[in-house]
Amino acid sequence: MRASRFLLATVKETPADAVVISHQLMLRAGMIRKLASGLYNWLPVGLRVLRKVERIVREEMDASGAQEVLMPVVQPMELWDESGRAPAYGPELLRITDRHNNPFCLGPTHEEVITDLVRNEIHSYKQLPMNFYQIQTKFRDETRPRFGVMRAREFIMKDAYSFHINMESLQKTYDEMYRTYCRIFDRIGLDYRPVAADTGSIGGSGSHEFHVLADSGEDAIAFSNQSDYAANVELAEAIAVGERAGAKEELRLVDTPNAKTIAELVEQFDIPASQTVKTLIVAASEDFGGGFVALLLRGDHELNEIKAEKHPAIAGPLRFATEEEIRNLIGAGPGSLGPLNLPIPFIADQAVTLCSDFASGANIDGKHYFGINWERDLAIEVTADLRNAIEGDPSPDGKGSLTIRRGIEVGHIFQLGTKYSQALGAKVLDENGKAVVMPMGCYGIGVSRVVAAAIEQNYDDRGIIWPASIAPFDVALIPLNLKKNPREGELCERLYAELTAAGFDVLYDDREKERLGVKLADAELIGIPHRLLITEKGIDAGTLEYKGRRDADPTDVAITELTTFLQSR
RNA sequence: CGGAGUAUAGCUCAGCCUGGUAGAGCACUACGUUCGGGACGUAGGGGUCGCAGGUUCAAAUCCUGCUACUCCGACCA
């Protein structure tokens, strides 16, 4: 590609509304431009990267035996009524009507469509298993799009759906997809981890997420320091260890007029946060008789809302009581709640049951109890794992302790089971001629998100540093001064042809109006892995100047050796 | 959806408090000089000041409403 005929839309200034580095650099490098909130144009530089990611995904999916299909973005609501998923998806599902006033939606995912296709096309167990995938545009009307293409409303996803005669077959394909995902992210060159995950709204049993490790990630992941254990913090079991210490203090009621939060209590009364207990009031489930239930957590722990929602006594979706409801129920405000003399039932996080001599609200405004002890002062009712695992917790597999790191979710694989095939009646005949509902798996990769995630992991103060496999160009070919030194142009033309013939994607910066500094800065900003600088001096010496994107200093390479030199890199 | 903020040239922003001819830097066009790390000079082009009302002799500026966008929280590839 000649730079003079290519939209190299680089900008010097960091755009004002970009917060994360990948968003800033994608805008600065001229990869994307915003059209509206969560909607982006992909410019030539960006699209080149996107296509390279797609190619790797496609090659590995094909190699795994999956078959590529392409389904429409627009889907009839009829199918969503049939699966019963429309209400659960809510306003994130963008609904539209056609000119005949028939309801459609923009597909946020394609379980319904593929299941409909398969129920019409596959009738025998002999055809199974089959795995179909597509790389296609998805639309989710996110409440808060952010971070550029990292969380856009319209995005590119690779989604795959497998169909099976039984669970063993599903497990086999699931394992194959797990390995395929590892190969894909290895080839792209990302530092990633597969982690055990919650199955979320799609439903089903087994599930792993693939996370690219980056401080800007929106997910927290717990790793064991002594085993392979890795799980999303949403899912990671929080283990309480140790014995409860004996009571040393007397129970006493203390005036705490200015302590409405754990932080204030800790500061004003010099109590460690781990010896305080906070009390959250949430709606109870219908099965539990409705009303409200209190959740007890150690002051230094955080409620895990997913775990809470799964508890049979707690209503899902989780709903916190309003301040007014709390007052009516307890007669005190949210800053003064505690388990002692609490008129509603409570569920104590496991760690809370190990506390002794702890402080908590007295259910009287402006007062706390200090020196509370279980058994002596009140009985433990129900206990559960309600909190997020934190750094230093024992690993749930019993080996080592947990460290917490941030991750960007770029892939997710699920064993769906028969959730959709059952709802849509996707069955085949087995060897006994009996109709069997097909268990399904589904496997997603956020292709456009991978592009952003790769940047989050690979950049410096000059710009992007692409992994070689997905760089928009392999080589930047830069003459020092085309106008003054025509010999540089002649050599560039020759090398451009030679390298292109050897299979390299070359950006030949033949712009006459730009000075050297601009060209070097552009090549670095858009992250081209290899840079060649052609000078008159070098031509006389039979060399050119090479610099890898991560190199500190350039090295001279013989012009005649260039292709072999680059091939060895 | 709750809270906060922003909206002036393609981009980054000043001007608004205290109403009176719409500005800078970058980018763009032309010419000249320069050119091994985002050059310099001269001359240009480019704005219904987000939209709609109101107050006023006069509104980018004050008031009201709306819209869009961004950020912080609950959801997901």
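These values consider heavy atoms only, across backbone and side chains, with no hydrogens, waters or symmetry-generated copies. Protein chains get the first letters and strands the later ones, always in sequence-line order, with residue 1 at the start of each.
At a threshold of 4.0 angstrom between heavy atoms, the contacts of A/Lys513 are confined to the sugar-phosphate backbone, with no base atom among them. Base contact: A/Leu533 has a heavy atom under 4.0 Å from a base atom. Counting non-hydrogen atoms under 4.0 angstrom, A/Asp522 reaches a base of the nucleic acid.
The separation between A/Glu309 atom CD and B/rC75 atom C1' is 10 Å, rounded to whole Å. The CZ-C1' distance, from A/Arg406 to B/rC76, rounds to 14 Å in whole Å. In this structure, A/Asp219 places its CG atom 14 Å from C1' of B/rA74, rounding to the nearest Å. To the nearest angstrom, P of B/rA74 lies 14 Å from CD of A/Glu142. To the nearest angstrom, P of B/rG73 lies 12 Å from CZ of A/Arg151. In this entry the distance linking CZ of A/Phe147 with P of B/rA77 reads 17 Å, nearest Å.
The phosphate of B/rG38 (OP1 or OP2) has no side-chain N or O of A/Arg515 nearer than 4.0 angstrom. Contact between the side-chain N/O atoms of A/Arg146 and the OP1/OP2 oxygens of B/rC71 is not found at any separation under 4.0 Å. Contact annotation: A/Lys12 does not reach the phosphate of B/rG25 (side-chain N/O to OP1 or OP2, under 4.0 Å). A/Lys519 has no side-chain polar atom (N or O) that falls below the 4.0 Å cut-off from OP1 or OP2 of B/rC35. When the side-chain nitrogen and oxygen atoms of A/Ser37 are compared with OP1 and OP2 of B/rU70, one or more of them lie within a distance under 4.0 Å.
Both distances falling under 3.5 Å, in either a Watson-Crick or a G-U wobble arrangement, place B/rA7 opposite B/rU67.
Straight-line distance between the P atoms of B/rC63 and B/rG5: roughly 14 Å, to the nearest whole Å. Nucleotides B/rG38 and B/rA27 place their C1' atoms 13 Å apart, quoted to the nearest Å.
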